[in-house]
Novice: 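Mind looking over this structure? Questions follow.
Count residues from 1 along the sequence.
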Amino acid sequence: MTKSYHVAVVGATGAVGTQMIQLLEDVTFPVKEVSLLSSARSAGKKLTFRGEEVVIKEATPDSFKGVDIALFSAGGSISKQFAKDAVAHGAVMIDNTSAYRMDPEVPLVVTEVNPHALRDHKGIIANPNCSTIQMVAALQPIREAFGLDRIIVSTYQAVSGSGIQAIDELQTQSQAILSGEDFTPAVMPVKGDKKHFQIAFNALPQIDVFTDNDYTYEEMKMVNETKKIMEDESMKVAATCVRIPVVSGHSESVYIEVDQDNVTVAQIKELLEKAPGVVLQDNPATQLYPHAADAAGKKEVFVGRIRRDLDNPRGFHMWIVSDNLLKGAAWNSIQIAESLVEQGII
């Protein structure tokens with residue numbers, strides 16, 4: 001008899017949680033039951049799963065009894081609060097926060113890159129940062145074929161990565177500017193930081209707060225997570241992360257250096273055309289390249305503008321775009337769950 005699974009979604013009313021619920025309707029494994037969990041404030045509300053209303057319940061330590069897979073997207077503090085409870089009840093926790101990403105005991109997984117890491121889980125699996133996910137998914141086929149020595153990435157990230165308040169601020173500021181009205185920034189670039197700046201019609205080269213080395217935490221997440229996922233601490237990685245006035249869809253300008261001579265653009269394009277979860281959109285003659293607006297609402301990672309560096313024959317530039325709430329969060333979590341089942345791990 002085919003096993004069916006009880007799946008819990010923690011943070012069910014959030015932007016990522018609601019996406020997870022929708023995606024669960026089409027997973028490749030049978031779902032026998034869904035538990036929707038949230039804070040006490042949202043308890044009692046109803047959401048729809050496969051045409052039926054499901055009542056949201058407050059997350060408690062006992063909420064995970066009988067749960068096989070627990071999808072967490074309610075903030076790092078909530079993940080840490082309930083991790084032991086979920087694991088103790090036998091659930092595999094797939095965490096969409098930064099709480100466990102760099103824990104050496106926790107696999108950090110993008111299924112197109114390192115699904116084998118799932119076999120070493122001890123109850124918790126971490127979903128990487130959204131900007132890291134799309135980059136490594138696109139670079140993995142190149143790395144497998146030609147090796148990678150260096151990655152330099154500049155991101156152009158949507159405000160939805162900072163939550164609903166950031167989206168609201170972008171919209172209200174845009175309306176105020178177009179109407180000639182005054183406004184006071186209160187959220188961007190980081191709600192908890194000392195200063196706040198205009199995001200509408202602007203670009204802010206700060207995502208998260210600064211670390212001691214003058215890189216932001218977002219930038220260091222990309223550096224450290226890439227090395228962990230690709231299992232290569234010697235890889236040279238640098239990032240500059242920028243917030244732009246786009247609601248959904250992260251864009252990245254990525255420069256790489258491969259380990260082999262005589263690699264051609266045509267070879268890289270051929271690899272990406274065949275890569276799982278990747279869509280090649282690259283034809284300068286017809287102005288074909290990825291757009292954040294086109295990627296919104298889609299699960300794939302889109303790649304274009306592939307060209308050789310003018311000075312380094314091993315260097316290549318490309319443009320990578322994906323929906324940060326789907327592939328960058330909810331969809332990658334669902335893919336991890338599917339891979340656990342496909343590999344017979346759960």
Side-chain angles (χ1 to χ4, degrees), residues 9-22 36 38-48 56 73-78 96-98 129-131 133-134 154-210 216-219 221-222 239-253 290-298 302 321-331:
V9 179
V10 183
T13 59
V16 175
T18 54
Q19 293 273 17
M20 288 175 171
I21 296 164
Q22 293 174 15
L36 305 184
S38 194
S39 65
R41 184 178 64 252
S42 297
K45 295 179 180 179
K46 296 179 181 179
L47 292 174
T48 302
I56 299 170
S73 189
S77 61
I78 299 299
N96 194 53
T97 77
S98 61
N129 189 39
C130 48
S131 49
I133 289 173
Q134 66 186 67
S154 296
T155 72
Y156 306 84
Q157 295 180 224
V159 294
S160 55
S162 278
I164 293 174
Q165 287 182 320
I167 297 174
D168 291 342
E169 182 166 77
L170 170 61
Q171 293 172 339
T172 56
Q173 284 184 8
S174 298
Q175 292 169 355
I177 291 170
L178 293 172
S179 301
E181 300 172 356
D182 294 331
F183 60 88
T184 302
V187 178
M188 304 302 291
V190 184
K191 186 177 180 181
D193 212 346
K194 297 177 288 295
K195 293 182 179 179
H196 300 103
F197 304 109
Q198 172 184 326
I199 182 60
F201 305 100
N202 199 12
L204 297 174
Q206 180 190 355
I207 300 178
D208 213 325
V209 296
F210 287 95
T216 65
Y217 276 98
E218 182 82 359
E219 290 159 355
K221 286 177 191 174
M222 292 198 73
T240 300
C241 295
V242 182
R243 191 73 74 188
I244 62 171
V246 168
V247 174
S248 295
H250 287 354
S251 304
E252 299 173 344
S253 174
H291 300 245
D294 291 339
K298 298 182 176 69
F302 300 87
V321 178
S322 192
D323 186 317
N324 53 297
L325 297 181
L326 277 174
K327 180 55 180 170
W331 176 232

Novice: If we ignore hydrogens and angles and just use 3.5 Å, is the side chain of Arg243 paired with the main-chain N or O of Pro205 as donor and acceptor?
Specialist: no
Novice: Who pairs with Gln206 by side-chain hydrogen bond (donor to acceptor under 3.5 Å, both in side chains), at least two apart in sequence or on another chain?
Specialist: Asp193
Novice: Out of curiosity, Cys130 SG to Glu218 CD, how far, rounded to the nearest 0.5 Å?
Specialist: 6.0 Å
Novice: Can you list everything that forms a side-chain contact (heavy atoms from CB on, under 4.5 Å) with His291? Sequence neighbours excluded, please.
Specialist: Tyr289, Asp294
Novice: Restricting to side-chain contact (heavy atoms from CB on, under 4.5 Å), what partner residues turn up for Ser251, sequence neighbours left out?
Specialist: Tyr156, Ala292, Trp319, Val321
Novice: Measure the CD1-CG distance between Ile56 and Leu47 for me, rounded to the nearest 0.5 Å.
Specialist: 4.0 Å
Novice: Among residues at least two apart in sequence or on other chains, which ones pass side-chain hydrogen bond (donor to acceptor under 3.5 Å, both in side chains) with Lys221?
Specialist: none
Novice: Pairs in or reaching into residues 170-179: which pass side chain to side chain donor-acceptor pair (under 3.5 Å), with residues at least two apart or in two chains?
Specialist: none
Novice: What closest approach, in Å, do Met222 and Cys241 show between heavy atoms, and which atom pair accounts for it?
Specialist: SD-SG, 3.8 Å
Novice: What do the steps show when you test Gln157 against Asn324 for side-chain hydrogen bond (donor to acceptor under 3.5 Å, both in side chains), and what is the final call?
Specialist: CA-CA 8 Å; Gln157 295 180 224; Asn324 53 297; over 6 Å; no
Novice: As an exercise, state the distance from CD1 of Ile199 to CZ of Phe201, rounded to the nearest 0.5 Å.
Specialist: 11.0 Å
Novice: With a 4.5 Å heavy-atom cut-off, do Gln198 and Phe183 have their side chains touching?
Specialist: yes
Novice: So which atom in Ile133 and which in Gly328 form the shortest heavy-atom distance, rounded to 0.1 Å?
Specialist: CD1-O, 3.5 Å
Novice: What residues form a side-chain hydrogen bond (donor to acceptor under 3.5 Å, both in side chains) with Glu252, not counting sequence neighbours?
Specialist: none
Novice: Hey, is OH on Tyr217 packed in by over 12 heavy atoms from elsewhere, all under 6.0 Å?
Specialist: no
Novice: Please name all residues satisfying salt bridge (Lys or Arg N to Asp or Glu O under 4.0 Å) with Lys194, sequence neighbours left out, ordered by chain then number.
Specialist: none
Novice: Among residues at least two apart in sequence or on other chains, which ones pass side-chain contact (heavy atoms from CB on, under 4.5 Å) with Asp323?
Specialist: Ala296, Leu325, Leu326
Novice: Would the distance check show the side chain of Gln134 and the main-chain N or O of Lys327 forming a donor-acceptor pair, the cut-off being under 3.5 Å?
Specialist: no
Novice: Who are the side-chain contact (heavy atoms from CB on, under 4.5 Å) partners of Gln165, not counting sequence neighbours?
Specialist: Val187, Lys191
Novice: What are the two closest non-hydrogen atoms of Ala12 and Leu36, and how far apart are they?
Specialist: CB-CB, 3.8 Å
Novice: Using the side-chain hydrogen bond (donor to acceptor under 3.5 Å, both in side chains) criterion, which residues pair with Asn96? Sequence neighbours excluded.
Specialist: Ser73, Asn127
Novice: Do you know the tightest heavy-atom contact between Ala239 and Glu219?
Specialist: O-CG, 3.4 Å
Novice: Using only atom types and a distance under 3.5 Å, with no angle test, would you say the side chain of His250 pairs donor to acceptor with the backbone of Ser322?
Specialist: no
